[in-house]
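Report on the structure given below.
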Amino acid sequence: MLIALGVTGGIGAYKAVEVARGLQKRGHDVVAIMTRSAEKFVGELTFEAITRRAASHQLLGASTGHNHKLKRIRSASINH
């Protein structure tokens with residue numbers, strides 16, 4: 001399953017790297033969708049190295065040339 005992982009600016013951006021890694025270990029493909037402010041905390045290259053996919057700044061559009069259907073979008077907070 002392809003999972004779009006939304007990453008926003010804030011300390012949670014660091015945790016999103018661990019989330020991406022964990023999802024991959026469970027057999028999922030992950031693409032990071034980052035806000036510009038997220039890059040102040042974690043660089044695009046970090047997610048690209050982890051996910052082996054180009055990080056994007058838009059959910060649908062020209063950056064990937066793909067139009068992915070999303071079944072469910074929900075926000076989550078990680079308190080570890």
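Excluded from the calculations below are hydrogen atoms, water molecules and symmetry mates; all remaining heavy atoms, backbone and side chain alike, are included.
- Looking at residues two or more places apart in sequence or on another chain, you find no side chain to side chain donor-acceptor pair (under 3.5 Å) involving R26.
- L5 and L45 fall into different hydrophobic clusters, where Ile, Leu, Val, Met, Phe, Trp and Tyr side chains are chained together by heavy-atom contacts under 4.5 Å.
- Between atom CG of residue L23 and atom OG1 of residue T51 there is a gap of 11.0 Å, rounded to the nearest 0.5 Å.
- Residues A38 and A13 approach most closely at O-CB, 4.5 Å, considering heavy atoms.
- Judged as a salt bridge (charged side-chain N to carboxylate O under 4.0 Å, His left out), the pairs with a partner in residues 38-49 (not counting sequence neighbours) are, in order, R36-E39.
- With values rounded to the nearest 0.5 angstrom, F41 atom CZ is found 13.5 Å from T46 atom OG1.
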Verdict with supporting geometry, E18 and R21, salt bridge (Lys or Arg N to Asp or Glu O under 4.0 Å): CA-CA 5 Å; E18 292 179 36; R21 185 176 290 133; over 6 Å; no
In sequence, state the C-alpha distance, the side-chain angles, and the governing distance for L2 and R53, and then conclude on side chain to side chain contact (heavy atoms under 4.5 Å, CB included). CA-CA 11 Å; L2 178 62; R53 291 180 173 270; 3.8 Å; yes
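- If you take CD on Q24 and CD1 on I50, they are separated by 7.5 Å, rounding to the nearest 0.5 Å.
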For a side chain to side chain contact (heavy atoms under 4.5 Å, CB included) check, start with the C-alpha distance between I33 and V7, then their side-chain angles and the critical distance, and finish with the verdict. CA-CA 6 Å; I33 312 295; V7 185; over 6 Å; no
